[in-house]
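What follows is one structure encoded as structure tokens, with my remarks underneath.
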Protein chains: 2
Amino acid sequence: MSSSPEKLNVHERVRRQHASELAQDYVEAIYIALEEGRNLRVADLQEIFGVSHVTVIRTLRRIEEQGLLANAKSGELALSPEGRKLAKLSADRHDLLVRFFRALGVSEAQADADAEGAEHHLSEETLGAIRRFLEKS
Amino acid sequence: MSSSPEKLNVHERVRRQHASELAQDYVEAIYIALEEGRNLRVADLQEIFGVSHVTVIRTLRRIEEQGLLANAKSGELALSPEGRKLAKLSADRHDLLVRFFRALGVSEAQADADAEGAEHHLSEETLGAIRRFLEKS
DNA sequence: AACCCTTTGTAGCACAGGCTACATGTCGAA
DNA sequence: TTCGACATGTAGCCTGTGCTACAAAGGGTT
Ligand SMILES: [Mn+2]
Ligand SMILES: [Mn+2]
Ligand SMILES: [Mn+2]
Ligand SMILES: [Mn+2]
């Protein structure tokens with residue numbers, strides 16, 4: 001029996017969500033920059049995430065090992081197909097949450113800040129409920 | 001000027017939330033057990049969080065160093081006043097989120113699971129908006 | 001008393017993700 | 001072409017949070 005995905009404890013699920021969080025936020029940041037025609041460097045990510053450039057470099061290496069980056073011209077960052085897919089999903093979720101909080105009356109800046117953390121913790125079921133709420137509101 | 005709390009970058013704020021997350025979840029678990037008359041042991045926390053007993057012991061030591069535990073009879077766990085205060089706040093936030101997700105049509109189990117992660121990332125502004133939503137719904 | 005089982009604690013390891021200090025690379029101005 | 005500034009990379013440290021393997025403590029049963 002049970003081809004089920006291991007039936008995780010609630011807290012184990014949260015830990016797993018945290019383990020994939022940085023990768024999602026990085027590819028999302030890269031994706032958005034590329035969409036806007038900017039092509040960003042280590043220094044930009046350092047600014048965005050508020051960490052040292054060393055931390056950025058090492059994190060990039062990890063997500064590269066996960067197959068999320070494509071090798072572009074030296075000094076440039078590019079996403080692999082999987083990276084782009086993950087980035088789109090992440091960006092969509094982020095936007096959905098911001099719109100949701102805005103609809104509840106939260107200010108733009110705070111909606112964005114809260115979405116940044118919460119976006120990694122919501123199930124498809126809850127995201128679906130949020131979409132329905134936004135449609136009929 | 002500026003007695004302000006440092007004006008954190010969005011991602012720095014998320015990192016800070018994560019740093020206090022375990023402590024909140026632990027005191028919440030202890031609090032709830034004590035409320036219900038059970039007094040729980042290391043083995044129970046091991047079960048609740050899905051980690052080894054070693055990890056539980058070390059985490060308990062850290063949150064004790066943060067002044068959240070009171071020393072009770074050997075082998076028993078008790079909360080300091082600050083620990084109890086934090087636990088109440090955490091439990092209330094958790095309940096609020098569960099009720100919120102339920103109101104949106106999410107199942108009990110999923111609402112609880114999603115709340116476990118998201119509860120650490122919402123500002124007072126957003127929590128206020130959620131309370132207002134629940135009142136007038 | 002001796003033994004076993006459960007619980008708790010210790011020793012020591014791994015990895016993620018922070019950091020500073022220093023080294024190297026690149027590139028435009030002088 | 002040399003120099004200086006800024007960007008990138010490396011070495012090596014720390015803490016939090018996970019683990020396994022082993023040690024000690026406590027109670028029952030015989
Ligand atoms: Mn995020
Ligand atoms: Mn989180
Ligand atoms: Mn939680
Ligand atoms: Mn909780």
Side-chain angles (χ1 to χ4, degrees), chain A residues 6 8-30 33 38-69 71-78 86 116-117 120-121, chain B residues 6 8-30 33 38-69 71-78 86 116-117 120-121:
Chain A
E6 275 303 324
L8 290 177
N9 173 299
V10 169
H11 291 280
E12 286 174 308
R13 175 169 171 264
V14 173
R15 286 198 297 276
R16 178 149 324 187
Q17 288 165 339
H18 284 157
S20 48
E21 171 162 345
L22 254 193
Q24 285 179 51
D25 287 338
Y26 267 60
V27 295
E28 188 184 337
I30 295 169
R38 296 179 289 127
N39 81 324
L40 80 191
R41 293 153 311 160
V42 170
D44 301 313
L45 291 169
Q46 169 180 185
E47 194 59 33
I48 292 171
F49 289 98
V51 296
S52 74
H53 77 281
V54 181
T55 299
V56 170
I57 288 171
R58 272 231 323 258
T59 304
L60 282 174
R61 192 167 304 154
R62 265 199 309 279
I63 76 178
E64 181 176 28
E65 277 157 14
Q66 290 168 42
L68 298 173
L69 298 187
N71 17 16
K73 288 157 262 174
S74 141
E76 311 220 343
L77 288 171
L86 180 61
E116 195 57 73
H120 308 280
H121 297 293
Chain B
E6 275 303 321
L8 290 178
N9 173 298
V10 168
H11 292 280
E12 286 175 309
R13 174 169 171 263
V14 173
R15 288 199 295 276
R16 177 149 325 186
Q17 289 165 339
H18 285 157
S20 49
E21 171 162 345
L22 254 192
Q24 287 177 51
D25 287 338
Y26 268 61
V27 295
E28 188 185 336
I30 296 170
R38 295 179 289 127
N39 81 324
L40 77 192
R41 293 154 311 160
V42 169
D44 300 312
L45 290 169
Q46 168 181 187
E47 194 58 34
I48 292 172
F49 289 97
V51 296
S52 73
H53 76 280
V54 181
T55 299
V56 170
I57 288 171
R58 273 228 324 254
T59 304
L60 282 174
R61 192 166 303 155
R62 265 199 310 280
I63 76 177
E64 180 177 28
E65 278 157 13
Q66 291 167 40
L68 298 173
L69 297 187
N71 17 17
K73 288 157 260 172
S74 142
E76 312 219 344
L77 287 171
L86 180 62
E116 196 58 75
H120 308 281
H121 296 292

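Computation of the quantities below employed the complete heavy-atom set of this structure, encompassing side-chain atoms and omitting hydrogens, waters and symmetry-equivalent molecules. Residue numbering restarts at 1 for every chain, and letters A, B, ... go by the order of the sequence lines. Small disclaimer: the values here were computed from a predicted structure and weren't measured.
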- Query: Atom CG in A:L8, atom CZ in A:R13: separation rounded to 0.5 Å?
  - Reply: 9.0 Å
- Rounded to the nearest 0.5 Å, what separation is found between the CG atom of B:L77 and the CD1 atom of B:I30? 5.0 Å
- Message: Expected output check: what is the dot-bracket annotation of DNA chain C, where ( ) and [ ] are pairs inside the strand (brackets for crossing ones), | is paired with another strand, and pairs are Watson-Crick or G-U under 3.5 Å?
- Response: ||||||||||||||||||||||||||||||
- Query: Distance from B:E12 atom CD to B:R16 atom CZ, nearest 0.5 Å?
  - Reply: 8.0 Å
- Item | Within residues 40-63 of chain B or reaching into it, pairs that qualify as salt bridge (Lys or Arg N to Asp or Glu O under 4.0 Å) - sequence neighbours excluded | B:R41-B:D44
- Note on the structure: Sorted by chain and number, sequence neighbours left out, side-chain contact (heavy atoms from CB on, under 4.5 Å) with B:S52 holds for B:V54, B:T55
- Mind checking what makes side chain to side chain donor-acceptor pair (under 3.5 Å) contact with B:R15, not counting sequence neighbours? none
Could you write out each protein N or O paired with an N or O of nucleotides 10-15 of chain C at a distance under 3.5 Å?
residue : atom : partner : partner atom : Å
C:dT10  : OP2  : B:R61   : NH2          : 3.1

- Can you check side chain to side chain contact (heavy atoms under 4.5 Å, CB included) on A:D25 and A:F49, steps first, answer last? CA-CA 9 Å; A:D25 287 338; A:F49 289 98; 3.7 Å; yes
- Note on the structure: For A:E64, the side-chain contact (heavy atoms from CB on, under 4.5 Å) test, sequence neighbours excluded, returns A:L69
- Residues at least two apart in sequence or cross-chain that pass side-chain contact (heavy atoms from CB on, under 4.5 Å) with A:H18, listed by chain then number, are A:V14, A:E21, A:H121, B:H18, B:E21, B:H121
- Query: Which parts of residues 18-27 of chain A get close to DNA chain C, meaning a heavy atom less than 4.0 angstrom away?
  - Reply: A:L22
- Message: Applying side-chain contact (heavy atoms from CB on, under 4.5 Å), can you list everything that pairs with A:L22, at least two apart in sequence or on another chain?
- Response: A:Y26, A:T59
- A:G50 versus B:N9, closest heavy-atom pair with distance: N-ND2, 3.7 Å
- Message: Let me confirm one number: the CD1-CD distance from A:I63 to A:Q24, rounded to the nearest 0.5 Å.
- Response: 11.0 Å
- Note on the structure: Residues A:L40 and A:A33: closest non-hydrogen pair is CD1-CB, 3.7 Å
- Item | Positions of residues 38-48 of chain B (non-hydrogen atom under 4.0 Å from DNA chain D), listed by number | none
- Is any side-chain heavy atom of B:H53 closer than 4.5 Å to a side-chain heavy atom of B:L45? no
- Note on the structure: Counted 5' to 3', the first and last nucleotides of DNA chain D within 4.0 Å (strictly under) of a heavy-atom of chain A are D:dT8 to D:dG18
- Query: OP1, OP2 of C:dC19 versus side-chain N and O of A:S52: anything below 4.0 Å?
  - Reply: yes
- Hey, does A:V10 have a side-chain heavy atom less than 4.5 Å from the side chain of B:I48? no
- Would you mind reading off the distance between B:L60 atom CG and C:dG9 atom P, rounded to a whole angstrom? 9 Å
